[in-house]
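The structure appears below as structure tokens.
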Amino acid sequence: MNFVADVTGIADINRILRELAPREAKNIMTATVYDITKTVAADAADRTPDDPSTGGADLKSSIKAKRERGTRGTIEATVRVTNINRNYFWRFLEYGQGPDKVEHAMFLKSLEGLRPDIDRIYAEAFVKKLVARLARARKK
């Protein structure tokens, strides 16, 4: 495959993705969606208070991004609380029914903070993955 050194617009990106094949384009998009999900998970973990019963950051370390199996034509990733014991506790913090009676709403606040910058975050993640894939293709 012959790739140009400079990508200057959408037409160049579309041409490159056609040359790389639809499967490779889907892999790039899957990685991009997962990167955005990791951003939300990291922001939610930063907003999460420590568990008062343990005094540790065990809830923060339980918040993870996970790739999901999408349907044909969709790509999915979710943010999950992976520790089963913490799974139940985060709901109380999110909706203000926890021991401190404060609505922390860390997941909602993370999504609201992401929305104004979603185009920039998406473009950065996509370009990073595309550049890495092009570098691999050039080596072949």
Side-chain angles (χ1 to χ4, degrees):
M1 286 182 208
N2 187 10
F3 296 104
V4 293
D6 297 320
V7 177
T8 58
I10 296 291
D12 289 339
I13 291 173
N14 286 335
R15 182 186 55 76
I16 289 170
L17 291 177
R18 271 193 310 275
E19 289 179 14
L20 286 175
R23 182 175 189 179
E24 201 55 49
K26 184 175 180 180
N27 290 343
I28 291 170
M29 290 307 300
T30 301
T32 301
V33 169
Y34 181 68
D35 278 359
I36 293 169
T37 307
K38 285 193 314 190
T39 303
V40 173
D43 189 56
D46 289 344
R47 295 175 188 271
T48 302
D50 293 334
D51 185 353
S53 64
T54 63
D58 48 353
L59 182 60
K60 291 180 182 189
S61 63
S62 296
I63 298 173
K64 306 276 187 221
K66 183 176 182 335
R67 288 185 176 118
E68 299 289 342
R69 175 173 284 196
T71 60
R72 175 171 276 192
T74 64
I75 297 169
E76 296 177 15
T78 57
V79 177
R80 294 188 176 204
V81 178
T82 58
N83 185 336
I84 303 231
N85 297 330
R86 302 290 105 210
N87 235 358
Y88 187 67
F89 181 68
W90 77 264
R91 288 183 178 95
F92 292 110
L93 294 176
E94 183 77 10
Y95 300 117
Q97 302 160 338
D100 58 359
K101 304 290 186 215
V102 176
E103 182 180 347
H104 295 282
M106 56 270 188
F107 295 109
L108 181 62
K109 288 177 184 174
S110 295
L111 284 174
E112 287 175 352
L114 181 74
R115 282 191 181 122
D117 293 334
I118 191 67
D119 290 335
R120 180 188 55 79
I121 293 168
Y122 172 77
E124 287 174 1
F126 179 77
V127 167
K128 183 174 79 171
K129 297 300 176 187
L130 183 62
V131 167
R133 179 57 185 105
L134 290 176
R136 275 196 322 239
R138 283 187 186 119
K139 287 181 182 179
K140 289 183 179 181

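This one's a predicted model, so the numbers in the text were calculated from it and none came from an experiment. What's counted below: heavy atoms across the whole structure, side chains too, no hydrogens, waters or symmetry copies. Residue numbers start at 1 and run along the sequence shown.
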Task: Partner set under salt bridge (Lys or Arg N to Asp or Glu O under 4.0 Å) for Glu68, not counting sequence neighbours - done: Arg80
Open item on the list: Measuring only between side-chain heavy atoms, which start at C-beta, is Asn27 closer than 4.5 Å to Arg133?
Closed with: no
Open item on the list: Minimum heavy-atom separation for Thr32 and Phe126, please, with both atom names.
Closed with: OG1-CA, 3.5 Å
Task: Side-chain donor/acceptor of Lys66 to backbone N/O of Thr78, under 3.5 Å - done: no
- [ ] Can you see which heavy atom on Ile63 is nearest to which on Ala41, and at what distance?
- [x] CG2-O, 3.6 Å
Open item on the list: With side-chain hydrogen bond (donor to acceptor under 3.5 Å, both in side chains) as the rule and sequence neighbours excluded, what pairs involving residues 109-119 come up?
Closed with: Asp43-Ser110
Task: hydrophobic_cluster_shared for Ile36 and Val127, side chain cutoff 4.5 Å - done: no
Task: Ile28-Tyr34 co-clustered via ILVMFWY side chain contacts under 4.5 Å - done: no
- [ ] Determine the minimum heavy-atom distance between Ile75 and Met29, stating which atoms define it.
- [x] CD1-CB, 3.4 Å
Task: Which atom of Glu76 lies closest to which atom of Val33, heavy atoms considered - done: C-CG1, 4.5 Å
Open item on the list: Strictly below 4.0 Å, N to O, side chains only: are Glu124 and Arg120 in salt-bridge contact?
Closed with: yes
Open item on the list: Assigning hydrophobic clusters by single linkage (Ile, Leu, Val, Met, Phe, Trp, Tyr; side-chain heavy-atom cutoff under 4.5 Å), is Leu114 placed with Leu108?
Closed with: no
Task: same_hphob_cluster(Ile118, Leu130) at 4.5 Å side-chain heavy-atom cutoff - done: yes
